[in-house]
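Comments concern the structure below.
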Amino acid sequence: VSPAEHFADLKRFVRFGPDDETALRALLAHARPHFSAIAREFYERVREHEQAHAVFESEEQIARLHTSLCAWLERVLTGPYDLAYADKSRQIGFVHVRVGLPQRYVFSAMTLFRLRLEAVAQQALGASALPVLGALARVLDLELALMNEAYLEAAVAHAERLEREHERLLLGSREATERRLVRAVGLAPAVFIGLDPSGAIQLFNREAERLTGYDSSELLGRPIAETLLDGDDALLAAALGSAEREASGPLLVPVRTRTGKRRTLGVEVSHVPAEGPDEAMVLIVGRDVTGEQAVTERLRQSERLASLGTLAAGLAHEIRNPLNGALLHLTFLERALKREKDDGDVTEAVDVVAGEIRRLSNLVSEFLEFARPSEIRRKPVHIQELCRHVASLVKVDAERVRLELALPDSPIVAAVDAEKIEQVLLNLVHNGIDAVLAAGSGRVVLGAAREPRAVVIEIRDDGAGIATPDAPIFDAFYTTKPGGTGLGLAIAHRIVTDHEGTLGFESAPGRTTFRVRLPLGAPAGSVEGPAASEPTP
Ligand code: HEM
């Protein structure tokens with residue numbers, strides 16, 4: 001509805017017509033001298049009411065309103081009652097809204113104007129005042145209606161502003177929530193990898209970067225199968241392509257890092273359906289379980305070894321007793337044979353059997369130790385003394401083997417199990433001597449040196465060298481020595497690793513060096529010498 005139509009409609013309802021215009025103009029000249037008094041009275045009325053009076057801010061404003069009211073009265077009685085007129089009246093309403101005048105006060109205020117103007121009309125026109133009174137009622141109704149429209153418009157505008165504000169807040173909080181989500185996924189301590197339906201990487205968070213060593217920029221858009229996956233993993237492929245769009249159960253997925261290392265991820269694969277402009281996504285969420293897997297594997301292995309140890313202990317017991325019995329009887333047999341007649345062949349056969357039985361018995365003991373190692377008991381040990389002690393225990397054919405010590409003067413003390421390390425060194429020194437003897441003659445050097453956090457003990461020999469350096473010489477039952485059990489080095493290796501140390505070797509023809517590296521450990525308490533000797537002060 002146009003403003004013109006709207007005003008015409010209002011006038012029609014109020015029944016305001018040309019006669020009214022004439023009547024009002026007839027009143028004008030009589031009323032004008034009273035305008036100022038009427039305006040003053042209006043102000044007095046308002047002043048009686050505190051809340052209404054609080055609308056005013058200053059004396060100048062009151063003075064301004066006085067002038068405005070006189071002008072208004074002039075306009076109401078003069079016309080012309082056209083669109084510009086209606087606009088001015090509506091404008092008053094906007095000013096009232098702006099100054100915060102409550103709408104409810106406007107009606108009585110208008111009544112005051114009406115009563116005063118009616119009084120003036122009756123006084124001036126007497127009996128012929130009747131049409132003027134009607135015209136006055138109608139024109140002031142028009143005024144009220146027009147002035148009050150502003151309140152509705154202001155209320156609507158206010159509601160719209162509130163709604164806009166509300167939306168802005170909502171949008172703001174939605175954006176903030178999304179930002180928070182993005183940050184959370186980006187920085188979460190879990191791997192988040194998103195794939196598009198073709199398997200190309202679309203999302204690669206910080207943890208995924210940390211774990212794989214890739215920067216997300218290197219992977220985004222590239223197929224996961226060609227970058228991270230090691231070969232095609234059937235389980236993962238099934239989960240990725242699963243048409244059910246259901247979350248997979250937990251999967252173990254081997255991935256390749258940027259440097260080619262392998263790590264194992266424990267993941268769940270879920271399908272995020274397409275929404276709006278975003279296509280569907282396969283979301284892989286998981287974490288690195290490589291370490292846990294290694295722990296589980298070690299645990300399984302030690303459990304296996306433990307049960308093997310129990311079994312071996314029982315078996316060893318069962319085997320050792322009859323072996324000892326057999327040896328005893330062999331000795332009788334040997335003596336009897338010697339008494340009867342000296343048949344060299346038979347005696348030799350008996351010797352062979354005895355040797356084999358001793359070897360078997362040895363094997364059983366060593367195997368027992370390998371399968372069920374005893375606990376490490378660390379104490380500060382003076383390494384040079386330990387080496388000297390080991391050298392003193394070894395009996396060598398001085399003609400063919402020279403056993404030398406190469407030990408530094410300043411004492412090296414390490415927290416180790418003296419008895420066990422002694423066993424390791426004895427084993428290595430014996431191996432060295434055997435190698436030298438096999439080659440004819442030569443030296444075996446037992447040396448020690450201190451590193452910042454470790455002690456290195458070296459056993460060097462001039463033997464022929466290890467023919468196959470890649471052979472698994474530390475594996476149980478691997479041996480090249482006739483009559484060897486293949487457990488000596490395996491046990492030595494085990495003892496050194498139990499000390500969190502390393503056992504390695506270098507070998508070339510004419511020189512083989514075994515190196516035992518042991519962490520020094522916390523230097524505390526008294527220093528213990530070789531297992532057999534008294535502690536040194
Ligand atoms: C039907 C009754 C009323 C009429 C006809 C009327 C008329 C007017 C007019 C013509 C103006 C000037 C508008 C302009 O500047 O464009 C005005 C402004 C104003 N009116 Fe009223 N008014 C009425 C009721 C009231 C009441 C009840 C109050 C207070 C309780 C009031 C307070 C004011 C104030 C504070 C201004 C602003 C003055 C200024 O800062 O210039 N009015 N009014």
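Residues take their numbers from the sequence shown, with the count starting at 1. Ligands are counted one by one from 1 in listed order, and the atoms in each one are counted from 1 as well. Values in this document were obtained by computation on a predicted structure and should not be read as measured data.
- Both the backbone and the side chain of M110 come within contact range of ligand 1, each with a heavy atom under 4.0 Å.
- Between R114 and D141, at least one side-chain nitrogen of the basic residue sits less than 4.0 Å from a carboxylate oxygen of the acidic one, meeting the salt-bridge criterion.
- Within the 4.0 Å heavy-atom criterion, the part of L69 lying near ligand 1 is the side chain and not the backbone.
- Compare E143, R98, M147 by their heavy atoms: the one nearest to atom 3 (C) of ligand 1 is in M147.
- The aromatic ring centroids of Y105 and H53 lie 6.0 Å or more from each other.
- Taking the six-membered ring for Trp, F7 and Y81 have ring centres at least 6.0 Å apart.
- Among F113, F56, Y105, F42, the residue whose heavy atom lies closest to atom 25 (C) of ligand 1 is F42.
- Ion pairing of D417 with R377 is absent here, as no side-chain N (NZ or NE/NH1/NH2) approaches a carboxylate O to less than 4.0 Å.
- The ring of Y214 has its center no closer than 6.0 angstrom to the ring center of F204.
- A cation-pi arrangement is present between R75 and Y85 under the rule of less than 6.0 angstrom and at most 45 degrees off the ring axis.
- Contact between Q61 and ligand 1 is present, with at least one heavy atom of the residue lying under 4.0 Å from the ligand.
- Around atom 39 (C) of ligand 1, the closest heavy atom drawn from R47, R64, H96 belongs to R64.
- Using a 4.0 Å cut-off between charged side-chain N and carboxylate O, E451 and R517 make a salt bridge.
- Between F505 and F474, the ring planes lie perpendicular to each other; the angle is over 60°, past the 30° to 60° tilted range.
- Close approach to V46 involves these atoms of ligand 1, each under 4.0 Å from a residue heavy atom: 30 (C).
- Using a 4.0 Å cut-off to heavy atoms of S68, the atoms of ligand 1 that qualify are 11 (C), 12 (C).
- Shortest contact from atom 29 (C) of ligand 1 to any protein heavy atom: L101 CD1, 3.5 Å.
- The ligand atoms of ligand 1 that sit less than 4.0 angstrom from a heavy atom of W72 are 5 (C).
- Within the set I62, L65, L73, V95, the minimum heavy-atom distance to atom 17 (C) of ligand 1 is found for L65.
- For atom 10 (C) of ligand 1, the closest non-hydrogen atom of the protein is I92 CD1, 3.5 Å.
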